[in-house]
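To start, the structure under review is shown below, and the notes come after it.
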Amino acid sequence: MQSIIPPVIAVVSFALSGAVFAALITITGAIEEESDHAWTPATAPVPAPDPVPAQATVVPTEITAASEPRWWVRVGLLERRPLQRVDLGQGVICQSQTGSQQQLFKPQIEAGLRAGSLPPLLCTGGWIHLNGVGYWGRLEIERSELDWLAIHTVELERYVASVVGAEMPSSWPSQALKAQAIAARSYALTHLIRPATQRYHLGDSTRWQVYRGASSRSAAASRATHGTRGIILSQDERVVESLYAATHAIADVAHRHLGASMSQTRARDLAERGLTYPAILAHFYPGTQLKTLRRDDD
């Protein structure tokens, strides 16, 4: 089985309060620009995940990049189980991944889901709704254990915007939303390099980060994501798996043995007191620095 090449990262630090961000370097391989047309990401076998240490980190290694940085996340849509309804937008093509590569349409797909006879499927080219939730771009459907599993491949910043909207109310202060965006992006990057499984980087539930496709990508979440585009948390030249939970009590119980963790409600309170997102993140993740992803030749 194949997946997207895990990006490798090199970091150069900058001051938390600085206005100009120094460099962090990006991915290898060319990926088509996101558009209304189907795209095919570069692929390579994904290794089995390693055990995650406390305050989980990933050693970055410098590489060069010749194209606009694109980071693609493969998300196992576990929360869409049981998969019963598939709606295909205009221009979407779904093909069997068996030898025939037969094109299948909505009635055939849903009949195959009910009968348990659907071949592994790849859908590309537009909007796909699974049980009423919309996803854009490349989506695979395959048999997993006793059920069907959909896997969505999504560009990192779109993924982060959806997570922010699902994990934190959009009415909360913008600085709290920006802190959430950076925490979500850093968490995702660690799983790009240490995938949850050989088929996807991470799931879409609270076991990882809540991801609901376009349905949770609010205007406020998108602004927070755009305003922190590419920024991650780093410690000792490594990407930090920035854990977080709704409250301090939950974070303490769930993550005490793993290291630092952000309380989302406390982040809101700090933002309401006037703290900016760098100060909020420094409060919850002491000893970390902010870094940014960009082209090596920018």
Side-chain angles (χ1 to χ4, degrees), residues 16 21 34 69-80 133-137 152-192 196 200-234 239-248 250-251 254-255 260-272 275-285 288 290-293:
L16 287 175
F21 299 148
E34 186 171 355
R70 290 281 180 166
W71 304 72
W72 301 96
V73 185
R74 288 174 58 82
V75 187
L77 304 181
L78 307 175
E79 292 294 288
R80 301 284 72 80
V133 179
Y135 302 92
W136 171 272
H152 185 218
T153 301
V154 57
E155 193 269 330
L156 175 62
E157 297 301 320
R158 284 177 171 260
Y159 169 79
V160 170
S162 176
V163 170
V164 172
E167 289 280 1
M168 187 172 280
S170 295
S171 59
W172 284 14
S174 63
Q175 295 301 310
L177 293 171
K178 288 181 178 181
Q180 176 66 68
I182 294 170
R185 187 180 295 110
S186 300
Y187 184 89
L189 277 176
T190 63
H191 285 275
L192 287 182
Y200 54 85
H201 295 117
L202 68 177
D204 63 342
S205 69
T206 54
R207 165 65 180 80
W208 293 273
Q209 302 186 117
V210 179
Y211 171 69
R212 300 191 184 117
S215 66
S216 59
R217 198 180 297 130
S218 67
S222 296
R223 284 194 299 270
T225 302
H226 181 74
T228 61
R229 183 177 181 86
I231 302 175
I232 63 165
L233 282 165
S234 177
V239 182
V240 174
E241 184 181 39
S242 40
L243 304 171
Y244 57 87
T247 66
H248 174 74
I250 296 174
H255 302 146
S261 180
M262 181 176 72
S263 160
Q264 293 164 307
T265 53
R266 180 64 175 152
R268 175 201 60 194
D269 295 342
L270 293 174
E272 289 176 344
L275 271 68
T276 61
Y277 71 83
I280 294 170
L281 292 168
H283 174 83
F284 291 110
Y285 308 103
T288 62
L290 297 180
K291 310 293 175 76
T292 189
L293 303 170

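All of these numbers come straight from a predicted model, not from anything done at the bench. Here, residue 1 is the first one in the sequence, and each next residue gets the next number.
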> Taking atom types as modelled, is there a side-chain donor on Tyr244 or Gln209 under 3.5 Å from an acceptor on the other?
Replying inline: yes
So do [Y] and [X] actually touch side chain to side chain, heavy atoms under 4.5 Å?
{"X": "Leu202", "Y": "Tyr187", "value": "yes"}
{"X": "Glu79", "Y": "Val210", "value": "no"}
{"X": "Trp72", "Y": "Glu155", "value": "yes"}
{"X": "Val154", "Y": "Val75", "value": "yes"}
{"X": "Tyr211", "Y": "Leu77", "value": "yes"}
{"X": "Arg185", "Y": "Leu156", "value": "yes"}
{"X": "Leu270", "Y": "Phe284", "value": "yes"}
{"X": "Ile232", "Y": "Leu290", "value": "no"}

> Going through the distances and angles, do Ser215 and Val133 end up as a side chain to side chain contact (heavy atoms under 4.5 Å, CB included)?
Replying inline: CA-CA 7 Å; Ser215 66; Val133 179; 3.9 Å; yes
>> Exactly one of Gln264, Arg268, Gln175 should register a side chain to side chain donor-acceptor pair (under 3.5 Å) with Gln180. Which one does?
In response: Gln264
Looking at [X] and [Y], what are the two nearest heavy atoms and their distance?
{"X": "Gly230", "Y": "Glu157", "answer": "N-OE2, 3.4 Å"}
{"X": "Ser218", "Y": "Ala221", "answer": "OG-N, 3.1 Å"}
{"X": "Ala176", "Y": "Met168", "answer": "O-SD, 3.5 Å"}
{"X": "Leu281", "Y": "Ala179", "answer": "CD2-O, 3.7 Å"}
{"X": "Ala181", "Y": "Thr228", "answer": "CB-OG1, 3.6 Å"}
{"X": "Arg80", "Y": "Tyr135", "answer": "NH1-OH, 3.2 Å"}

>> Walk me through whether His191 and Glu241 qualify under side chain to side chain donor-acceptor pair (under 3.5 Å).
In response: CA-CA 8 Å; His191 285 275; Glu241 184 181 39; 2.9 Å; yes
Backbone N or O of [Y] within a donor-acceptor pair of the [X] side chain at under 3.5 Å?
{"X": "Ser216", "Y": "Gly165", "value": "no"}
{"X": "His201", "Y": "Leu189", "value": "no"}
{"X": "Ser162", "Y": "Gly213", "value": "yes"}
{"X": "Ser186", "Y": "Leu233", "value": "yes"}

> Can you tell me how far NE2 of His283 sits from OG of Ser263, rounded to the nearest 0.5 angstrom?
Replying inline: 8.5 Å
> Looking at CE of Met262 and CD1 of Ile182, how far apart are the two atoms once the value is rounded to the nearest 0.5 Å?
Replying inline: 9.5 Å
